[in-house]
Protein chains: 2
Amino acid sequence: MPKNDNVLVLSPTPLYSQIREILRQRILDGTYQPHQQMPSESELIKAFSVSRITVRQALGDLQRTGLVFKIHGKGTYVSKPKAFQNIGQLQGFGEAMSRMGYETFSQVVGIKTLAAGKVVCSKLKVKEREQITELRRLRYLNREPISLDVTYVPKAIGDRLAKEDLEHRDIFLILENDYGLALGQAEIQIEAMLADESLARLLKVEEGSPVLRIERLTFTADGQPLDYEYLYYRGDAFQYRLRIERGHL
Amino acid sequence: MPKNDNVLVLSPTPLYSQIREILRQRILDGTYQPHQQMPSESELIKAFSVSRITVRQALGDLQRTGLVFKIHGKGTYVSKPKAFQNIGQLQGFGEAMSRMGYETFSQVVGIKTLAAGKVVCSKLKVKEREQITELRRLRYLNREPISLDVTYVPKAIGDRLAKEDLEHRDIFLILENDYGLALGQAEIQIEAMLADESLARLLKVEEGSPVLRIERLTFTADGQPLDYEYLYYRGDAFQYRLRIERGHL
DNA sequence: CTCCGTAACTTGTCATGACATGTCACATTC
DNA sequence: GAATGTGACATGTCATGACAAGTTACGGAG
């Protein structure tokens, strides 16, 4: 009898998604300890009164994000929290650094409104010649300049951002917490280049020094492009770290 | 009647996995064109004579690797190839490139056994002075040298690898398919540097050209470090692309 | 003509049941 | 005692069926 008669029914979010979040919570607060053994699927089925397919979907999500791992024939285990937090998670620079105990701030070196060029235009999916905001910030880590961020957002958002405390707050966090824009994913391209004269001056390095250039297009949860950035990191002072998973494929 | 009576039954690999590969093939060879519309789930069910859950697992895999995307209520579509198949999936260089239709091969420029230095030692978690294998390969994309890979693996594995066709096969695929070592995740660090004389000569660029240096430590599915690499990519010819997700899910 | 409901698609979620396969502990057998 | 087999239990795979929800096109009502 495929009738849904469950205590968990309260929000319009899928069942497996609710269960996934409950399990994530328990992992994060230590109910399920770092390196061993989650309840088995059949236990979870009884505990939540759902079918196996639902439990498996919840566990599968947690596995794909790296929070748990499974061993065929044995069970599902909680992953070790692992040295660096950055699990291929989209997060802002300050967000990542402050979590590691570094002190950061940003210096706004320019903010202006201009007509979108072709590239920005196609990335942000706005009409040609539409007004957008360009924001340039120098980011400091422990008093040293470490990167130049050039950010493009639609003018509507840019005008609001201009009034915010951009020196100490991440744009990502402002967009999410203050504006209620849920961020989804980002597409990133990373390449190596040499610092030209103006970039070298800003980052306080020699002209011709190696620079990590990251292009990042960030989308809202529902897939709208929201924020297009170029990040120029000093090659001698920054490493971009991440963890990636090998798929179940 | 859950009896399996299918034409596809011939190998011990899962059905959904066979279907996934067939569909991937059709996408790569253009049977399903770049930007629109895959057969619907019900069509695939009829075509392969399998259940919906199987079709969905195959399509779900393809979606997670970025090859297709779905729109609720409309259908499943082939992603534009220009985009990033590379979704934060751990994969080898050749693996990624061939999936995008590029032709690659590797030239082994050196392979030797030596005592592990401190860094390699701590990364691979082997005892100091233990023997390990260093493998140097130049990787070509469409006839052009594009990267130098320096790989460190324990001697036991290195000895086996030395007999393999390293010119045309990815190490990752050899480890997984031939040796049965399930890869789990990798930790990656990316930074920018300048090509020194020897690196410049190998990559056929000017000395002092920008180079992307990627350090990658790969683990088996059960968490054992297995393979430690330095990848030096030509900054002018390569971009490292990936997609990352915000948040928990 | 426009507006709107409905029907016919699509993918999303979930239940139930079955068998395959890997792991491990325990008891049986040699 | 060591090897073997067996059963309990874990996850993996797959079938069938149902309803929810988003999209689109068509046709009737205004």
Side-chain angles (χ1 to χ4, degrees), chain A residues 1-21 23 32 36-64 68-78 221-223 247-249, chain B residues 1-21 23 32 36-64 68-79 180-182 184 221-222 249:
Chain A
M1 121 209 18
K3 187 61 201 73
N4 197 336
D5 194 28
N6 202 289
V7 255
L8 287 175
V9 172
L10 36 86
S11 63
T13 75
L15 245 184
Y16 73 88
S17 157
Q18 298 176 43
I19 293 174
R20 184 223 303 143
E21 292 313 314
L23 294 179
Y32 301 141
Q36 287 280 137
Q37 194 71 1
M38 298 269 298
S40 75
E41 291 178 358
S42 54
E43 287 172 316
L44 292 174
I45 288 170
K46 281 195 283 261
F48 291 109
S49 300
V50 298
S51 79
R52 192 169 166 220
I53 206 173
T54 305
V55 165
R56 280 182 65 78
Q57 189 151 5
L59 287 176
D61 282 352
L62 292 176
Q63 181 187 30
R64 277 185 282 277
V68 305
F69 62 96
K70 300 178 178 185
I71 301 181
H72 188 174
K74 290 190 64 177
T76 304
Y77 299 82
V78 180
D222 50 352
H248 22 310
L249 208 292
Chain B
M1 138 208 0
K3 186 63 202 70
N4 198 338
D5 195 27
N6 202 288
V7 255
L8 287 176
V9 173
L10 35 85
S11 65
T13 76
L15 246 184
Y16 73 88
S17 157
Q18 298 177 43
I19 293 175
R20 183 224 303 144
E21 292 312 313
L23 294 178
Y32 301 141
Q36 289 279 135
Q37 192 74 0
M38 299 267 299
S40 74
E41 291 178 359
S42 54
E43 285 172 315
L44 292 174
I45 288 169
K46 282 194 285 260
F48 291 108
S49 302
V50 297
S51 79
R52 194 171 165 218
I53 208 174
T54 305
V55 165
R56 282 182 65 78
Q57 189 151 6
L59 286 176
D61 283 352
L62 292 175
Q63 180 185 32
R64 276 186 283 277
V68 306
F69 61 96
K70 300 177 178 185
I71 302 180
H72 188 175
K74 290 188 68 177
T76 304
Y77 298 84
V78 180
S79 301
L181 293 167
D222 51 353
L249 131 151

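Letters A, B, ... mirror the listed sequences (proteins, then strands); counts begin at 1.
At whole-Å resolution of the value, NZ in Lys70(B) and P in dG22(D) are 17 Å apart. Atom pair Lys46(A):NZ and dT16(C):P shows a separation of 14 Å (rounding to whole Å applied). To the nearest angstrom, P of dG12(D) lies 14 Å from CZ of Arg20(B). Summarising the geometry, the separation between CD on Gln63(A) and P on dA10(D) is reported as 17 Å, rounded to the nearest angstrom. We find that CD1 of Ile71(B) is positioned 10 Å from C1' of dT23(D), with the value rounded to whole Å. The distance from atom OH of Tyr77(B) to atom C1' of dG22(D) is 12 Å, rounded to the nearest whole Å. Rounded to an integer number of Å, the gap from Arg56(A) CZ to dA18(C) P is 18 Å.
The CD atom of Glu21(B) sits 7.5 Å away from the CG atom of Leu62(B) when rounded to the nearest 0.5 Å. Taking CG from Leu59(A) and CZ from Arg20(A), the interatomic distance works out to 11.0 Å, rounded to the nearest 0.5 Å.
Between Phe48(A) and Leu23(A), some side-chain heavy-atom pair lies under the 4.5 Å cut-off.
Rounded to 10°, the angle separating the first-five-pair axis and the last-five-pair axis of the helix from dC1(C)-dG30(D) to dC30(C)-dG1(D) equals 0°.
Each of Gln37(A) and Ile53(B) was matched to the nucleotide of DNA chain D holding its nearest heavy atom; the match closer to the 5' end belongs to Gln37(A).
One N or O donor and one acceptor, one from the side chain of Arg52(A) and one from the base of dT13(D), sit under 3.5 Å apart.
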